[in-house]
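See below for the structure under consideration.
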Amino acid sequence: MMENKILNFNIGVLGHVDSGKTSLAKALSTVASTACFDKNPQSKERGITIDLGFSSFVVNAPDHIKDSGYEKLQFTLVDCPGHASLIRTIIGGAQIIDAVMLVVDVTKGIQTQTAECLVIGEILCDHLLVVLNKIDLVALEKQKSVVEKMTKRILITLQKTKFANAEIIVVAAKPGGPDVPDIEPVGVKDLIDELQKFAYIPERESIGPFLYAVDHCFSIRGQGTVMTGTVLQGTVSVNDNIEIPSLMVSKKVKSMQMFRQPVGKASQGDRVGICVTQFDPKQLERGIVGMPGFIQTASGVIAEVVKITYYKLPVETKAKFHVSLGHETVMAKVTFFGTEDELCVNNEFIYDHTYRYQQELFDLQKLDDDVTYKPKHQFALLEFEKTVQIVPNAVLIGSKLDMDVHTNMCRLAFKGKLLEVFTDKGYHDTHLQKVKVYKDKSKEGVIERLANDNEVIVKNLLKKDTNIQLFMGLKVKLSTGEEGTIDGTFGQSGKLKVRVNSLQDTTKVTLQKLSGGKKKAKSGQNYSPIVENIEPVKVILNFKKYIFSNEKKLVQI
């Protein structure tokens, strides 16, 4: 009965380091989970959160929630770290929330990592509430003007995002700071009232394969091992079998609790502790668990991707990025490609289509209308340095987390959605062979002389050690307009014979002048042409090369 009458609503508490996120979570929460408020000793010593913390509080459901059959509204606060070097943890937390509460120090405003949290929230969530914290640090007579000024700045920033006109609440979660004895928080009641109005009925799907994000794991003597986390999709019940793919084991669910209350079933969006038969909890600090066979171990993936506008550096093919999927971050080499055709991508990669290789990922919003190539869809092959556990159609973010932590630039480079997962380590020789991505290639040579009315000898088109057989039969174009076909080799120096069926008379005359009539120089010196002001006739070879093909076949369309 309890699980049917209480709606669980997950709120990610994001913001820059020292903005007061954890203090705010403590001020709001009356019930704490096993993972509450960061037990890490380093965190306690430094006074900041360096791991995901979870806590909750329950209020009466507002009318718009009651109308859907719920009596109570439980807010689960996902307190995410704000320190620059720990952004991978923020990404893991952001993927399991229904809304974002962005905490901003009223004395500092939007800072670099605040902006990164805003980017993550915009990628993974559609609902945002801004909390201006630490109002107690502003003199009473200046509070009104400071709040108005900061509110105006934040709203201007939000106008460029999907969170335009978001509500802004002013609080002092811990008046006087951490060293001052407990004082009644300022504005927290108003914040709770706003959260009740802010809450909505998230789309929960009890159908589909069970998927569960684990954030903490510990043993209880005589009972088993407990995993705490959030159900991302589907449903789990006591006595179900669930798979822990990182350990390659399946376990039976012995019991479950939601914030210290036993339950028999948990569905998408629920935060729940799951007790299974004993295993070493140190082997699963965090990760994903699911229905047996659903979670895949990937060596590489193909995703449809979009460049993040706030990232100011080029996002180039062959570069390496930190790729975050759920609770895992792994280094990956990227190869970008795209198409100008309008495709119905849905959730699967279209192998039958032909794609164009891209040297970099484009920000489509900033491409000029007159550019020669403007893709409608962009994709990335991501080759992981180590295997990673993922699920179909997961969201991913590519970042440059090795940039200077003090930089004032966003480090999030691109976002995407998985379309194809390669579980076979030898996918380069199997699945990747079917991916038709081509590079436009061009080579240029000059006609050395006319062999006969229909054949010319060309030099400098290919290098001496090139495998000429790959180019036999390919068409070329002369700078004088005629078209020809590579017919064979001439001699041992890399020269080619090119057949031209309709060689123009003017071209013949030009070639005769260029190759004939040598003027003999003085003894011991080289010959030089009599006519030096005639432009040589160029030969241009254009072709396409499929970059993933082992056959090295060259194509002309």
Side-chain angles (χ1 to χ4, degrees), residues 12 14-16 80 82 84 87-88 90-91 94-95 97 99-100 102 104 109-128 130 152-166 303-325 329 332 334-340 342-343 345 356 358-380 382 394-419:
L14 306 182
H16 192 83
C80 301
I87 199 164
R88 53 176 64 84
I90 298 177
I91 294 170
Q95 286 184 294
I97 61 177
V100 169
L102 184 67
V104 179
I110 299 286
Q111 297 169 270
T112 303
Q113 276 69 56
T114 320
E116 289 182 339
C117 291
L118 186 59
V119 171
I120 294 170
E122 189 175 18
I123 292 169
L124 302 169
C125 178
D126 293 324
H127 304 271
L128 176 84
V130 180
K152 186 177 180 180
R153 285 183 181 177
I154 290 172
L155 288 176
I156 289 174
T157 300
L158 294 180
Q159 284 298 322
K160 301 174 184 177
T161 73
K162 66 168 72 170
F163 304 126
N165 304 315
E304 183 169 16
V305 291
V306 176
K307 185 178 181 184
I308 294 173
T309 299
Y310 304 104
Y311 187 79
K312 302 304 180 186
L313 298 177
V315 181
E316 296 179 322
T317 284
K318 295 186 179 179
K320 290 186 177 181
F321 288 87
H322 293 88
V323 176
S324 300
L325 304 97
T329 296
V334 297
T335 301
F336 297 111
F337 52 96
T339 178
E340 293 180 292
E342 193 65 70
L343 301 180
V345 175
R356 179 170 172 171
Q358 294 180 196
Q359 187 58 46
E360 66 176 292
L361 181 65
F362 301 117
D363 186 343
L364 300 185
Q365 297 178 358
K366 295 182 178 180
L367 281 183
D368 297 331
D369 291 334
D370 57 352
V371 294
T372 56
Y373 171 68
K374 189 171 185 178
K376 288 188 169 63
H377 301 273
Q378 296 184 99
F379 304 88
L382 304 171
V395 172
L396 64 86
I397 297 175
S399 313
K400 277 288 187 182
L401 300 182
D402 48 359
M403 289 173 65
D404 185 350
V405 295
H406 301 295
T407 182
N408 60 356
M409 186 178 68
C410 175
R411 294 167 298 156
L412 310 183
F414 60 88
K415 61 181 179 179
K417 184 177 181 181
L418 296 186
L419 299 177

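Phe163 has its side chain out of reach of Val130: every pair of non-hydrogen atoms, C-beta onward, lies at least 4.5 Å apart. Side-chain contact between Pro375 and Leu367: present, with at least one pair of heavy atoms (C-beta onward) separated by less than 4.5 Å. At least one side-chain heavy atom of Ile156 sits less than 4.5 Å from a side-chain heavy atom of Lys152. With contacts defined as side-chain heavy-atom distances shorter than 4.5 Å, the pair Leu396/Leu382 qualifies. Counting only heavy atoms from C-beta outward, the side chains of Arg153 and Ile110 never approach each other to under 4.5 Å. Between Leu313 and Lys400, every side-chain heavy-atom pair lies at or beyond the 4.5 Å cut-off. With a 4.5 Å cut-off on side-chain heavy atoms, Leu412 and Tyr310 do not count as touching. Val119 has its side chain out of reach of Lys415: every pair of non-hydrogen atoms, C-beta onward, lies at least 4.5 Å apart.
The distance from the OG atom of Ser399 to the CD1 atom of Ile308 is 7.0 Å, given to the nearest 0.5 Å. With rounding to the nearest 0.5 angstrom, the CD atom of Glu116 is 9.5 Å from the CE atom of Met409. One distance of note links OG1 of Thr157 with CG of Leu102; it measures 10.0 Å at 0.5 Å rounding. The line from CD of Gln378 to CD of Glu360 is 9.5 Å long, rounded to the nearest 0.5 Å. Residue Thr309 holds its OG1 atom at 9.5 Å from CG of Leu364, rounded to the nearest 0.5 Å. Taken from NZ in Lys162 to CD in Glu122, the straight-line distance is 6.0 Å, to the nearest 0.5 Å.
Shown here are the salt bridge (Lys or Arg N to Asp or Glu O under 4.0 Å) partners of Asp368, two or more places apart in sequence or in another chain: there are none. Remark: Lys160 pairs with no residue by the salt bridge (Lys or Arg N to Asp or Glu O under 4.0 Å) rule, at least two apart or across chains. Lys376 pairs by the salt bridge (Lys or Arg N to Asp or Glu O under 4.0 Å) definition with nothing, not counting sequence neighbours.
Heavy-atom neighbours of Asp370 CG from other residues, nucleotides or ligands within 6.0 Å: above the threshold of 12. Counting heavy atoms of neighbouring residues, nucleotides and ligands inside a 6.0 Å radius, atom CD of Glu340 exceeds 12 of them.
Heavy atoms only, all atoms of each residue included: Lys307 and Val315 are closest at CE-CG2, 3.7 Å. When all heavy atoms are compared, the tightest approach of Cys125 to Ala99 is SG-CA, 3.3 Å. The nearest pair of heavy atoms linking Leu158 to Ala166 is CD1-CB, 3.9 Å. Nearest heavy atom pair, residue Ala413 against residue Phe321, reads CB-CE2, 3.7 Å. When all heavy atoms of Gln358 and Leu361 are compared, the pair lying nearest together is NE2-CA, 4.2 Å. Smallest separation of non-hydrogen atoms from Gln159 and Asn165: NE2-OD1, 3.3 Å.
The residue from Ile123, Leu128, Val104 that alone fulfils the side chain to side chain contact (heavy atoms under 4.5 Å, CB included) condition with Leu118 is Leu128.
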> Val100 and Ile120: side chain to side chain contact (heavy atoms under 4.5 Å, CB included), yes or no, with the steps?
Replying inline: CA-CA 10 Å; Val100 169; Ile120 294 170; over 6 Å; no
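Side-chain atoms of Thr339 never come within 3.5 Å of backbone atoms of His377 as a donor-acceptor pair (strictly under, hydrogens ignored).
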